[in-house]
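These notes concern the structure reproduced below.
Positions are given from 1, in the same order as the sequence printed here.
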Amino acid sequence: MRGDAVDEVLKRLPYSWTADEAGLVGQRFRESRPAAPKLLVKKLWQYWLRMSPDEPLFGDTEDDLALLLHARALGLEEVPGGGPGPEDGPIARCARRAAEAAECEPLFPAPPAWGPKAALAPQVRAALASSLLRAWVAGDEQGPVEVLVVGEGIPEIRQQVVQAALTTCLRVNGLSDPDSGDFVGDHIGVGLIRVTAGLSGPQAQADIPSVFRAPSVTVADGAASTARGALRDFVGLLRSLADETSLVEVADVAYPDLVAYAQGLRALADRAAGEPDRAFLRAPRAEDGGPVSLQPYLRTVRGHGASLGVEFSPDLFTTDAYLRVEQAHQRVLSQRLTMDARLRLDQLETEIEQLTADLEAFQRANTAERRALWPATVLLVERFDEPTGRTIRLTEPEERETEQYYKANVPQLISMREKWARRMGELVEQLETAVHRPHAPARQVAAGRFLDAALRDVVPDESPATERAFRAWCKEVTPMLRFEWRCALRRHGIAPPDVFTAHSVLISRYLPPAGEDPALLFSHPYTLVDPARSAVLADAERAVMVVRDATDHAAPAPAPDEAAGPTAAALWDGLAALAEQPRVEEEFGRRFLEALRAQPEGIARRMIEALQPAGPTAAEADAIEVALRTAERHTSLGEGMDRALMAMRNEAFLTARECLDDIRTAPQWQARVWLLRAVVECRAARLDSREIPGLLGHQMPGLPDAALRALDEAGSADEEFTRAWLDALPEAGLDKGIRRLFQGLPRARAGCTGDPLNKVGAEREYAVWLFRRAVENARLARQLDESGEELAEHQEAVDAALAKLGRALEEILLGPYVGGSRGAAEELFEVLSGQEPPRYGRVAGR
């Protein structure tokens, strides 16, 4: 009855409450902590703030402080910095206590400074702050079941792994059985990622400890193989990063071994609870590597549940401050992943349509039409990479006979793209399903990520907007979380250092409201356990299982001059002497690793010095410059026409004219330059693309004077080619006409013929040109990144975005040294402008 009475009181304004009614509401607040709902906190806070600001509301300093902290965490207005009324009033005292008291100080120890010594240390296999990523893949006879990735990694690798983990999580939850439970068991945090594929069939009903609860997501039998496939894709990325960078390590473990180890820890905790006069220690066993796993903090006393946890109010995720965090996060990760999948699907479907239409046109044509409309060979400048499903630009173009190209290459390209389109269609469907499900898996994963980061005092590495919003939210919510966790541990007789360590994380179970079902939020501490490195203590007096490993005792490395042992110079000299001896590969590897652990900075510096090539001499620099100028002259034709065509597509006609004017080539190719100039002049005069072939082919009235002059120059340079091209143009169309101008042009490899007069060989000329092109591509990509950083996180006006990105885009699209970044820049230009440039002049494979 009292609960009904409190509900009735909460329906009224706090200003009308009596003292007894306020006492009932206060008692409800005490009983509901720390999961006090927003309405209760808001009404009680307003009552204290307006009706009795000069005296404590509860007469208990803990509850008074708790009310103030909850009000701040829930984003309620009028939370004073110093409190209303006198400076020594109870609200002001609570505010000062919140800023100064130990109850609101950090729970976790400061993360260790993870340097090269720690990364190479054999004492630690799994550490949250590690710059190396270590992954443990647990699988059974059907494939991978769970992946645990430990470590922060370097930013470039961390970004790939986090995005892939989130994609896998959303895919699996898009396939999960809606009747199996709504909680998402995956965790994508800072320094720790756990992604599961779920179990199907009778295995899903196995009695497994909570950390491996099958794993909180049960996949329908029909979707089990797809879920395993999604996790297998994630494992494939980790293995490729391990092979390519050596900054990721992947270890395979048997899933039954993980389950058996978790059950063994549960049995150890149960034994300690049954024999409170004894303590049980499971010491690390170096000879048995064992599976590194994520385990809950198990209780070692009866009557308080199997594992430690605290329930909070899900209203924490309804405040304006948190919604800004979530929106920024979803823009950077979830929404971007879904949009990328959609764009890739659209691109694949467009390419399939283009290839299919081109193939059908070729098959319909008879021999005479093929000879007139298609060149004898097709120039391939890109290929479709089947493992990744992406189009890759070739360093050196390849020629194929047209008949063979349409008979073998095109059907194969269509088949590969269709297979990837089906995969991308399934991915888009799974992501959409996961995002729009009532239990909102994307929101659940984000909530767990940010709640864990807030308590551990780490910042997720996503975007500047996310970081700013996260820090603002932490300022509101973190003091309350720390305070309530300390109160909960005090009630259970648990020392905070036994739970909050350098290898602990907070795993949250957040369920948004769905229909008539209320929202829920639970937070449980988990710890990394390594059988070879971790000591596990089960003692009833401590009330919880305690785990210790080397990270609990980590200390900063001494300065080089304070370090004991031989210097880096002595170690390097010893390695150099050892390397001269025969058959010492194994010993050299062992001693090199020992030297790197002892003096990482010094050994790395010596290694760089030994591998650093000497800079070119003045004569060599002059030779490189001569080779570059020679390459520019010999590649002027192909590069100039490429740039002119790209400029014309983007309606940069002045740039197109300049590109064609700068071409210096042999007379037999000059006719093609002038014919392309005629097309440019027609497009600059705003003639319709469909009318240009007839006007040029028949030289009809209406052609610009500049185009007629270009046709005269082309006829003077190569009358036969010009006449044949103009005769075929009206029937072939502008697209095929432009393609024919480019057919057979000497490309970079063939164009670099060397210069005997200046002693420049063809191979050297081509190598210098490739190197310069790579340097320019890297510079342009960096310039585009720097320009992109100026864009606001929110949607920006197209004119403003183009103003900030325009110079970088122009150089990438039309610069003299452009390569694979051109296509990406053109797509970005299309997105910003909302307009698709003309597609004439593009051929399959070009």
Side-chain angles (χ1 to χ4, degrees), residues 354-355 357-358 361-362 365 369-382 397 399 402 405 636-653 655-661 663 665 668-699 703-704 706-708 710-711 713-715 717-718 721-747 813-814 818 822-823 826 836-846:
Q354 292 175 346
L355 289 171
D358 207 10
F362 184 81
E369 290 173 335
R370 291 179 181 178
R371 188 178 298 111
L373 299 179
W374 278 271
T377 60
V378 173
L379 189 67
L380 304 180
V381 297
E382 60 185 25
E399 272 195 311
T402 303
Y405 173 72
S636 170
L637 174 62
E639 290 299 307
M641 290 187 65
D642 268 344
R643 294 171 57 205
L645 179 59
M646 184 68 67
M648 182 179 69
R649 287 177 182 155
N650 292 284
E651 298 188 351
F653 301 115
T655 302
R657 294 186 184 109
E658 291 175 1
C659 294
L660 295 172
D661 290 341
I663 293 177
T665 185
Q668 68 266 28
W669 303 113
Q670 195 65 43
R672 304 193 185 200
V673 178
W674 283 111
L675 290 174
L676 183 59
R677 177 64 174 263
V679 176
V680 170
E681 296 298 343
C682 290
R683 290 294 298 126
R686 300 300 178 183
L687 295 179
D688 189 276
S689 299
R690 292 168 295 185
E691 299 176 357
I692 293 176
L695 292 173
L696 281 178
H698 302 297
Q699 300 185 35
L703 280 176
L708 291 172
L711 292 179
E713 294 286 355
D718 190 338
F721 179 86
T722 302
R723 184 173 59 254
W725 185 81
L726 290 173
D727 291 344
L729 183 61
E731 182 68 22
L734 186 61
D735 184 37
K736 289 186 174 64
I738 294 177
R739 281 191 273 170
R740 190 175 178 188
L741 292 179
F742 281 82
Q743 200 64 45
L745 288 183
R747 311 304 292 182
L813 288 170
L814 308 173
V818 290
R822 175 185 293 179
E826 189 174 19
E836 184 179 66
R839 297 297 178 182
Y840 44 69
R842 292 188 176 183
V843 297
R846 182 173 175 76

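Side chains of Asp718 and Trp669 form no contact here, defined as non-hydrogen atoms less than 4.5 Å apart. By the 4.5 Å heavy-atom criterion applied to side chains, Arg672 and Thr665 are not counted as neighbours.
For Ala376, there are no side-chain contact (heavy atoms from CB on, under 4.5 Å) partners, not counting sequence neighbours. Remark: Arg723 engages Glu719 in a salt bridge (charged side-chain N to carboxylate O under 4.0 Å, His left out) (not counting sequence neighbours). Glu691 pairs by the side-chain contact (heavy atoms from CB on, under 4.5 Å) definition with Asp688, Leu695, not counting sequence neighbours. Looking at residues two or more places apart in sequence or on another chain, you find a side-chain contact (heavy atoms from CB on, under 4.5 Å) between Ala728 and Arg740. Residues forming a salt bridge (charged side-chain N to carboxylate O under 4.0 Å, His left out) with Arg370 (at least two apart in sequence, or on another chain): Glu403.
Atom CG of residue Asp642 and atom CZ of residue Phe742 lie 5.5 Å apart, to the nearest 0.5 angstrom. The CZ atom of Arg643 lies 15.0 Å from the CE atom of Met648; values are rounded to the nearest 0.5 Å. Atom CE of Met646 and atom SG of Cys659 lie 11.0 Å apart (nearest 0.5 Å). Expressed to the nearest 0.5 Å, how far CD of Gln670 lies from CZ of Phe721 amounts to 12.5 Å.
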Walk me through it: do Thr377 and Tyr405 pass the test side-chain contact (heavy atoms from CB on, under 4.5 Å)? CA-CA 8 Å; Thr377 60; Tyr405 173 72; over 6 Å; no

Applying side-chain contact (heavy atoms from CB on, under 4.5 Å) to Leu726 and Leu711, what does each step give before you reach the verdict? CA-CA 9 Å; Leu726 290 173; Leu711 292 179; 4.0 Å; yes

Output side-chain donor-acceptor pairs under 3.5 Å for residues 673-682, partner residues at least two apart or in another chain, one line each.
{"from": "Arg677", "atom 1": "NE", "to": "Glu681", "atom 2": "OE2", "distance (Å)": "2.9"}
{"from": "Arg677", "atom 1": "NH1", "to": "Asp661", "atom 2": "OD1", "distance (Å)": "2.8"}
{"from": "Glu681", "atom 1": "OE1", "to": "Arg657", "atom 2": "NE", "distance (Å)": "3.4"}
{"from": "Glu681", "atom 1": "OE1", "to": "Arg657", "atom 2": "NH2", "distance (Å)": "3.2"}
{"from": "Glu681", "atom 1": "OE2", "to": "Arg657", "atom 2": "NE", "distance (Å)": "2.9"}

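Side-chain atoms of Thr402 come within 3.5 Å of backbone N or O of Pro375 as a donor-acceptor pair.
Between Thr722 and Ala671 the shortest heavy-atom distance is OG1-CB, 4.0 Å. A pairwise comparison of heavy atoms in Gly737 and Trp725 identifies O-NE1, 2.9 Å as the closest pair. Contact record, Leu734 with Leu729: CA-CD1, 4.5 Å, taken as the closest heavy-atom pair. Closest of all the heavy-atom pairs between Pro704 and Leu687 is CD-CD1, 4.1 Å. Minimum heavy-atom separation, Pro730 to Gly697: CG-CA, 3.9 Å. Of all heavy-atom pairs between Ala644 and Ala656, the closest is O-CB, 3.6 Å.
More than 12 heavy atoms of other shown residues, nucleotides or ligands fall within 6.0 angstrom of atom CD in Glu369.
Under the 4.0 Å criterion applied to side-chain N and carboxylate O atoms, Glu651 and Arg686 are assigned as salt-bridge partners.
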